[in-house]
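For the numbers below, each heavy atom of this structure counts, side chains included, while hydrogens, waters and symmetry mates do not. The chains referred to below are lettered A, B, ... by the order of the sequence lines, with proteins before strands, and numbering in each begins at 1.
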Amino acid sequence: MTTEHEVRAFVRRRRKAHDPRRLSDRLIDLYTWFLATAIAGIVIAPLIHGDLVPHPGAFLDTLDWLPVLLLGATWAVLRYGTWQGPVLFTTPELQWEVASPLNRRRLALMKLRRASIIAIGVGVVTGGLVGIGSAAMVRHDALGMTIAAVSGLTSLALLATALSWHVERSPSVGRVVDVATPVVLLLVALLAVAVARGQSTVALWSGPWGWAGAPVLAAGGRSVPGWVVLATLLGVAAVVALISAIGTVDRISYEELWQRSEARSSASAALFFGDVRAAKGIARRGRARGRFRGRELRMTRVATPWLAIVTRDTLTLRRNVGLVVVAASFIAAAMVAGVAATGRPILVAGVFAGLYAAASRLLETIRLENDRPNAHRMLPWTWGTILVLHCIVPTATLTVLIWIGLGVLGIGGFVAQTATWALILVAPFIAGAVVLPAAISASRRSFPIETLISGAELGALSLVPWLLTGPTLALIALGVASGWIKQSLDQGITMATFTAIAFLATATFAFGAWLNSRQPRDQ
Amino acid sequence: MADTHRPLVVAEGLGRDFGDVTALESLDLEMNGSEAIALIGHNGSGKTTALSMLAGRLEPSRGTVHIAGVDVHRRGGSDTVRALVSFIPDAPALYPDLTVADHLDLVGMAHGVGDAEERTDMLLDLFGLEERRYSLPRELSRGLRQKTQLACGLLRPYEVLILDEPVSGLDPPSRQALHSLLRRVKGEGALVVFSTHDLIFAEDLADRIVVVGDGRVAVVGTRDEVVASGQARELGLQ
């Protein structure tokens, strides 16, 4: 009977035979690695000489933060287990290998072994960097610190991988990880406070993330009581978790493996096209495991087709209330910056940044078109008109958020009553002058990653005009409007208000006309 | 060896929910060797869900599936499924960097098929894939990829053959060839369970037809029984 190893070797051999990469491709790979290593060497060399750190002793204090970082990293690995995990098969592997009479346990063990080797690699590289870097900074026993860092981080990486497997195989453990994330974030904050207040021992004893950091500090010359115990505890925990993972490696349903495989290929495809948001959505749905189906909000029938996009965008924002909440927090930040800007003109930039960021969040609705550039053919309008229609709900929402912010400032006495009323009148036009330029920047397809790295279509440079057009237009509109208001204030607040409204309305109309003339990139 | 006195596959109260959507309410069915069973119904009626649960690919929300007396969704049940059931899904799942022949070699190897070479040649010939033997999936049309998947699924040994929409994307000669092959497979003692929208294909091949509508099994019976029940007509499937 054929063994799993023979089958895997067969697949590898045949794959290699069909690998279209030529010698020149392999040489380019080799050169890239050489270049990366050389650059890393150039960066690390001065550190090893210790010339960059005027007070080497003080650097040791920064290592106190290691447990905080490691807790974050460990939790990230566990969360990865909620939708992917260390034992992952591709869809063809599931169809033709896992579903065959081959020993499923051994097939899964191969995957777990691969994940463990990657964990060891990550532990050795990061531990090596931390150890060598730290030893160079504190000018202390380089070998000891490197060994301590490598062994600590490798053990922690293995422990996290093994625990991630338990998260992967057990939906109930996955739910615990999902639900406990805010608590862990709070723990990270508490540990950060403890470290900032000089109570680093608390962080070191708080869990495996601290146990991994203790030997490094001890090797660096810091007095760490019980570090041997902590290092031993970490080693034992890693070994026990790994043994337990190996013992349970076949206890996962085919369905679970299939779902993870499909999520992986979808997320990879999304990332290949630089669509990080889509990949995040896939991860979120993968984590939900069918438990949360989103709010059951349905689109209502509209009286006229012109309201279709407005209704759909409203529905999108109602389904994704988080977008409005984030936009509201940006507006709040803009308001705070505006109040504090008296005497500190630099903070005016904060007002603009807050407004533009809020508009960008609310314009997420436009992705309905951007993600499917050909879908507009089903609608009775041109691509440009559809984009303009998509600006209505974000503009209205941004206006309401600005009104609320101004109301709070007015009631709090931070802005004079007359100015508050004037700004409330101008607010819809400010919103329009920010949302429409943001839509000009947003109306593009997902940016293919190969364009970014290959230099085709000017490569990354082609991102620059796309990124800058929106903010530049909005900045010009709001900047000129502010200037006119200042000049018109001599003729009274009413005149200044209507001057601003007239200018911003004209600018908004011009932006709308430009947006209306845009063509989808696929045409 | 399967016990010849009891049904080869028994589904009892088999159902599956996705969140609060019931994909399949309850399926009760006993199936024997040398029998062909067709599942027909509209898109989203629950056919694929039913087949996936019968093949042990999907965990049921309720009910059980026994194959050769073994509960396939219990611990250890997957060994029975992998040994006895060949499941061919409707979406081709092929290695992007393996040729058609590589796929068949892999299946022959993983399942320990003794006469893999002859059977491979026969299946490639049957599906008109001979000239595409050394093509990679990206060089094949969807229909040819589907044929490759069918050839792989038919190469391995099985007692239960489950096919999800096997004729979708197939040209008429391949459809006819598949029909003849499935008839032969059935004659050799295997149980063939398939879903299809092709009512003529279902009528010609199936001994019994299961009509599924909105997650419910509307009627199970021979072609004449299904016609007499009027359920298929109600669902617009006749």
Side-chain angles (χ1 to χ4, degrees), chain A residues 1-21 89-108 169 171 248 250-259 261-262 265-266 268-269 285 288-296, chain B residues 16-21 49 52-53 55-61 72-73 75-89 91-99 101-113 116 134-139 148-149 152-153 155-158:
Chain A
M1 187 68 191
T2 316
T3 66
E4 302 70 34
H5 290 281
E6 284 168 336
V7 169
R8 290 307 306 155
F10 168 84
V11 172
R12 269 197 301 275
R13 206 168 49 245
R14 293 292 174 96
R15 278 179 162 170
K16 207 173 172 185
H18 304 303
D19 188 351
R21 287 190 305 167
F89 292 93
T90 63
T91 314
E93 283 170 350
L94 285 169
Q95 173 68 21
W96 305 117
E97 295 174 46
V98 178
S100 77
L102 293 173
N103 188 311
R104 189 166 145 186
R105 179 180 159 70
R106 284 195 207 120
L107 286 170
R169 77 174 181 82
T248 56
D250 56 347
R251 289 192 203 162
I252 185 166
S253 71
Y254 188 93
E255 180 186 345
E256 190 69 48
L257 290 172
W258 188 273
Q259 281 176 358
S261 151
E262 289 198 323
S265 55
S266 307
S268 303
R285 283 193 294 279
R289 296 178 189 222
R291 280 175 288 127
F292 309 116
R293 297 187 58 248
R295 295 175 63 195
E296 286 294 329
Chain B
R16 170 71 193 227
D17 305 325
F18 292 98
D20 52 7
V21 175
T49 304
S52 301
M53 286 192 291
R57 301 285 179 102
L58 203 61
E59 299 296 314
S61 301
V72 302
H73 295 288
R75 194 161 150 70
S78 76
D79 294 342
T80 306
V81 172
R82 287 181 293 148
L84 300 183
V85 180
S86 177
F87 176 63
I88 306 175
L94 303 175
Y95 295 87
D97 40 13
L98 293 189
T99 64
D102 289 339
H103 278 89
L104 287 154
D105 289 347
L106 169 66
V107 172
M109 208 176 165
H111 291 270
V113 181
Y134 301 111
S135 297
L136 292 169
R138 65 168 174 270
E139 296 159 351
T148 306
Q149 175 138 298
C152 289
L155 176 72
R156 56 157 292 180
Y158 49 82

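Counting only heavy atoms from C-beta outward, the side chains of A:E255 and B:R57 never approach each other to under 4.5 Å. Counting heavy atoms from C-beta outward, B:E59 and A:Y254 have side chains that stay 4.5 Å or more apart. Between B:Q149 and A:W96, the closest side-chain pair of non-hydrogen atoms falls below 4.5 Å.
Only the side chain of B:H103 comes within contact range of chain A, with heavy atoms under 4.5 Å apart. Interface residue B:T99: backbone and side-chain heavy atoms are both found under 4.5 Å from chain A. For B:D79, no part lies under 4.5 angstrom from a heavy atom of chain A. Contacts between A:E4 and chain B at a heavy-atom distance below 4.5 Å are absent for every atom of the residue.
The minimum heavy-atom distance between B:A110 and A:V7, with the atom names listed, is CA-CG2, 4.1 Å. Scanning both residues, A:T91 and B:A93, for their nearest heavy atoms gives CG2-CB, 3.8 Å. Here the closest heavy-atom approach between residue B:L98 and residue A:V11 is recorded as CD2-O, 4.1 Å.
The backbone N or O of B:F87 lies less than 3.5 Å from a partner atom in the side chain of A:Q95, making a donor-acceptor pair. In this structure a side-chain-to-backbone donor-acceptor pair under 3.5 Å is present from A:T2 to B:M109. A side-chain donor-acceptor contact under 3.5 Å links B:R82 to the backbone of A:S100.
Using a 4.0 Å cut-off between charged side-chain N and carboxylate O, A:K16 and B:D97 make no salt bridge.
Atom CD in A:E93 sits 5.5 Å away from atom OH in B:Y95 (nearest 0.5 Å). Taken from CZ in A:F10 to CG in B:D105, the straight-line distance is 4.5 Å, to the nearest 0.5 Å.
Sorted by first and then second residue, the pairs that involve residues 95-105 of chain A and meet salt bridge (charged side-chain N to carboxylate O under 4.0 Å, His left out), not counting sequence neighbours, are A:R8-A:E97.
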